[in-house]
Amino acid sequence: NGKEIATRSIYRYNNYSFDLSATVTSGSNELVIRFRNPDRYLRGPDKAYIVPVREYWGVPMGLFGHAWLVSRPEVFADQILIDPSLEKKRLTLRASILNAGPHQARATVSASVFDPEGREVLKFREQNLEAGTDEPIDLEMVKRWRRPILWSLESPRLLRLRLTVTANGQTDVTDTRFGFREISIK
């Protein structure tokens, strides 16, 4: 819509997210993503010539991987980390809960794990929290799991964790696939 959201020096494989809500209007909107390869030069290995960075490193410039335009409610989960421990027989979930709205909000967070067939195999205890507008809330949920479904080369069974955040009548649902495997040296 003619307004710049952000400018970043984007390096290969780095993840970025930008909040567009202040520039979106009702009805039709235009989103333009521009990539620019600035004229950056380095001296060649023998210092006798100067080459553009893209040629020197042999790395193409631009967008790697996928780009998504995601609509999120005001309160949502971000930075989800799943930490399985076979030794401790537990699953730990960490996430940041963000409130992009103008006011503090009461949120309910729930999480469940589903097997490859879609059956719920583990359910975390629901948590209620107050999500302020200034700082993300670091959430940690821990659940004992005596006989987890393990991932191996012979049986590569990926599980799905569903994290649900509900606030102000809106729901954010995030599914994350993971494998339960632990390797240790003692």
Side-chain angles (χ1 to χ4, degrees), residues 5-6 8 10-22 63-186:
I5 305 297
R8 294 282 192 276
I10 297 180
Y11 299 97
R12 198 179 181 179
Y13 307 123
N14 285 7
N15 293 323
Y16 294 94
S17 63
F18 307 102
D19 185 0
L20 311 175
S21 21
L63 179 65
F64 286 84
H66 302 284
W68 291 276
L69 182 59
V70 179
S71 175
R72 288 265 172 92
E74 288 181 349
V75 181
F76 61 94
D78 193 31
Q79 306 283 331
I80 298 169
L81 172 70
I82 302 166
D83 184 11
S85 175
L86 187 57
E87 183 179 325
K88 296 176 183 174
K89 297 191 182 330
R90 73 177 185 202
L91 186 67
T92 303
L93 161 65
R94 293 181 184 90
S96 291
I97 307 301
L98 303 172
N99 181 358
H103 306 290
Q104 185 166 329
R106 177 175 288 281
T108 301
V109 181
S110 61
S112 293
V113 176
F114 298 88
D115 69 10
E117 290 75 38
R119 294 181 299 251
E120 186 179 60
V121 293
L122 189 72
K123 186 171 184 150
F124 289 82
R125 189 173 58 88
E126 195 172 85
Q127 290 190 20
N128 295 309
L129 49 89
E130 291 290 328
T133 58
D134 296 336
E135 293 290 325
I137 295 173
D138 294 326
L139 174 76
E140 182 174 278
M141 301 172 94
V142 180
K143 180 75 175 174
R144 290 200 48 81
W145 198 352
R146 296 189 197 292
R147 282 175 274 177
I149 298 167
L150 301 178
W151 183 96
S152 70
L153 291 175
E154 296 78 28
S155 179
R157 295 176 52 105
L158 288 177
L159 305 168
R160 180 173 44 92
L161 180 122
R162 173 165 285 171
L163 182 65
T164 305
V165 180
T166 304
N168 300 330
Q170 300 175 331
T171 301
D172 176 53
V173 178
T174 306
D175 286 346
T176 306
R177 290 174 27 151
F178 72 100
F180 205 119
R181 179 176 180 155
E182 186 171 76
I183 299 171
S184 61
I185 300 172
K186 296 184 179 187

Checklist entry - Got a sec: does the CZ of Arg125 have more than 12 other heavy atoms crowding it under 6.0 Å? => result no
Checklist entry - Around Leu153, counting heavy atoms of other residues, nucleotides and ligands shown, do more than 12 lie under 6.0 Å from its CG? => result yes
Checklist outcome for this item: Applying side chain to side chain contact (heavy atoms under 4.5 Å, CB included) to Arg119 and not counting sequence neighbours gives Asp115, Glu117
Next on the checklist: Let me confirm one number: the CD-CG distance from Gln127 to Leu139, rounded to the nearest 0.5 Å.
Outcome noted: 5.0 Å
Next on the checklist: Going by side-chain contact (heavy atoms from CB on, under 4.5 Å), Leu93 matches just one of Thr176, Leu161, Val109, Asp83. Which one?
Outcome noted: Leu161
Next on the checklist: Is it the case that over 12 heavy atoms from other parts of the model lie below 6.0 angstrom from the CZ atom of Arg157?
Outcome noted: yes
Checklist entry - For the atom pair NZ (Lys123) and CZ (Phe114), what is the distance rounded to the nearest 0.5 Å? => result 8.0 Å
Item to check | side-chain hydrogen bond (donor to acceptor under 3.5 Å, both in side chains) between Gln170 and Glu74, intermediate numbers included | outcome: CA-CA 8 Å; Gln170 300 175 331; Glu74 288 181 349; 5.8 Å; no
Next on the checklist: Within this structure, what is the CG-CG distance for the pair Asp172 and Leu98, rounded to the nearest 0.5 Å?
Outcome noted: 9.5 Å
Checklist entry - To the nearest 0.5 Å, what is the distance between CD (Glu126) and OG (Ser110)? => result 5.5 Å
Checklist outcome for this item: Between the CD atom in Glu87 and the CD atom in Glu182, the distance rounded to the nearest 0.5 Å is 6.0 Å
Checklist entry - With Leu81, which residues qualify under side chain to side chain contact (heavy atoms under 4.5 Å, CB included), at least two apart? => result Arg94
Checklist entry - Listed by chain and number, what are the side chain to side chain contact (heavy atoms under 4.5 Å, CB included) partners of Ile137, not counting sequence neighbours? => result Ile97, Leu129, Ala131
Checklist entry - If you round to the nearest 0.5 Å, how far is CZ of Phe124 from CG of Leu91? => result 4.0 Å
